[in-house]
Amino acid sequence: MFESMYSNIGRPSIPPESFLKATLLMALFSVHSDRMFCDQLDYNLLFRWFLDMDMTEDAFHPTTFTKNRERLMDHDVAREFFALVVGQAKAAGLMSNEHFSVDGTLIEAWASLKSFKPKDEPAEETRPVDDAKNPTVDFHGEKRGNDTHESMTDPEARLARKGNGKEAKLSYAQHVLMENRNGLIVDMCITHAHGRAEVEAAYMMLERDEPTRGRRTVAADKGYDTRDFFEGCRKIGVTPHVAMNTGRSGGSAIDGRTSRHEGYMTSQRFRKRIEEVFGWEKTVANFRKTRFRGKQRNEMASLLIGAAYNLLRLAKLMLPIA
């Protein structure tokens, strides 16, 4: 009696390899949530085959995904898994180690503008009974910024916008380093969204990439046309092939010694393929708006989505030519 009573306490955990496989399936087949994936696992034989599950085995419980993510984050499993996929592409000779492109985008945070409140504002003890679940907030005319305000839902999210005339949203900044031969992702990261996030993240990813004997190049849009980025790149042996920002005060940092070469124009042509990465992850992988809170969780999700994108590209590149 006691054995049967205690045997039903708790839920079975998910093996780490099954969790990684499940995350790949969610990205590749546009599954929107953990709960939706577990529901599909009851009848989707393809998912069960990929996860090495038999016909009668119980599906995962959605709440166990949360605990497993915490464990994998503690050991940085997502970064190691992504690195293994990159290593597989390099071993197959499908990655360039000399020519790269870099760019960034904003990922909308899982927090509303209503949660963006002054940092020194005391927490509300009571709310009107008829307005408890979705309180009315009037912030029109109020000057709000990341220095004075933060989200009560996700304090690490920052208010940001992609350009002039665009609405500001609570977001994270995602950065991707792509090689130019086959458009595969070499490195990626999530940072807080601020004015210098793209330049700082690009330099960090280039610095931790394995150096080569020859000189590397990196293509980027005109948002990277700054003196600091150019000086930092040249210190680590990287030639910046950045689009010229002629409207910038002081002129562009690009001069004729760089832009006159045919390699510069080739880099500018190939760098546009990085938009395919952002387009795929925001549509197929459902990462236009994150469903996770906190920078660490979002970086883990970003790396696993990047690994799924690389695996999809590798499957196509390694198909035998008829």
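- Note that CE of Met318 is 10.5 Å distant from CG of Leu311, once rounded to the nearest 0.5 Å.
- To the nearest 0.5 angstrom, Thr191 atom OG1 is 11.5 Å from Asn298 atom CG.
- In this pair, Phe37 and Phe65 present their aromatic rings perpendicular. The plane angle is above 60°, beyond the 30 to 60° band.
- Checked against Tyr203 for a side-chain contact (heavy atoms from CB on, under 4.5 Å), the options Glu207, Met205, Glu200 give a single hit: Glu207.
- No salt bridge links Glu156 with Lys295; every basic N to acidic carboxylate O contact stays at or beyond 4.0 Å.
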**Message:** Between Leu317 and Leu184, is the side chain to side chain contact (heavy atoms under 4.5 Å, CB included) condition met? List the steps.
**Reply:** CA-CA 10 Å; Leu317 292 169; Leu184 293 165; 4.3 Å; yes

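- Screening Leu24, Val86, Leu72 against Phe81 for a side-chain contact (heavy atoms from CB on, under 4.5 Å) leaves a single residue, Leu24.
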**Step-by-step salt bridge (Lys or Arg N to Asp or Glu O under 4.0 Å) determination, Arg79 to Glu299** = CA-CA 9 Å; Arg79 174 70 63 181; Glu299 180 154 286; 3.7 Å; yes

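- One finds the OG1 atom of Thr148 at 6.5 Å from the CZ atom of Phe116 (value rounded to the nearest 0.5 Å).
- Note: Asp42 CG to Phe47 CZ = 12.0 Å, rounded to the nearest 0.5 Å.
- Between atom CG of residue Asn310 and atom CE of residue Met95 there is a gap of 5.0 Å, rounded to the nearest 0.5 Å.
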**Message:** Please determine whether side chain to side chain contact (heavy atoms under 4.5 Å, CB included) holds for the pair Thr105 and Glu281, giving the CA-CA distance in whole Å, both sets of side-chain angles, and the decisive distance to 0.1 Å.
**Reply:** CA-CA 11 Å; Thr105 190; Glu281 70 168 15; 4.2 Å; yes

**Request:** With side chain to side chain contact (heavy atoms under 4.5 Å, CB included) as the test, would you mind laying out the steps for Ser302 and Tyr172 before giving the verdict?
**Result:** CA-CA 11 Å; Ser302 176; Tyr172 286 93; over 6 Å; no

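- Ser171 contributes a side-chain N or O that, together with a main-chain N or O of Lys169, makes up a donor-acceptor pair within less than 3.5 Å.
- Summarising the geometry, atom CD belonging to Glu198 is positioned 11.0 Å from atom OG1 belonging to Thr226; distances are rounded to the nearest 0.5 Å.
- For the pair Arg69 and Asp34, the salt-bridge criterion is met [side-chain N within less than 4.0 Å of a carboxylate O].
- When all heavy atoms are compared, the tightest approach of Leu159 to Asn146 is N-OD1, 2.8 Å.
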**Prompt:** Would Leu94 and Arg181 count as a side chain to side chain contact (heavy atoms under 4.5 Å, CB included) if you check the C-alpha gap in whole Å, the side-chain angles of each, and the deciding distance to 0.1 Å?
**Reply:** CA-CA 7 Å; Leu94 297 173; Arg181 180 178 297 165; 5.9 Å; no

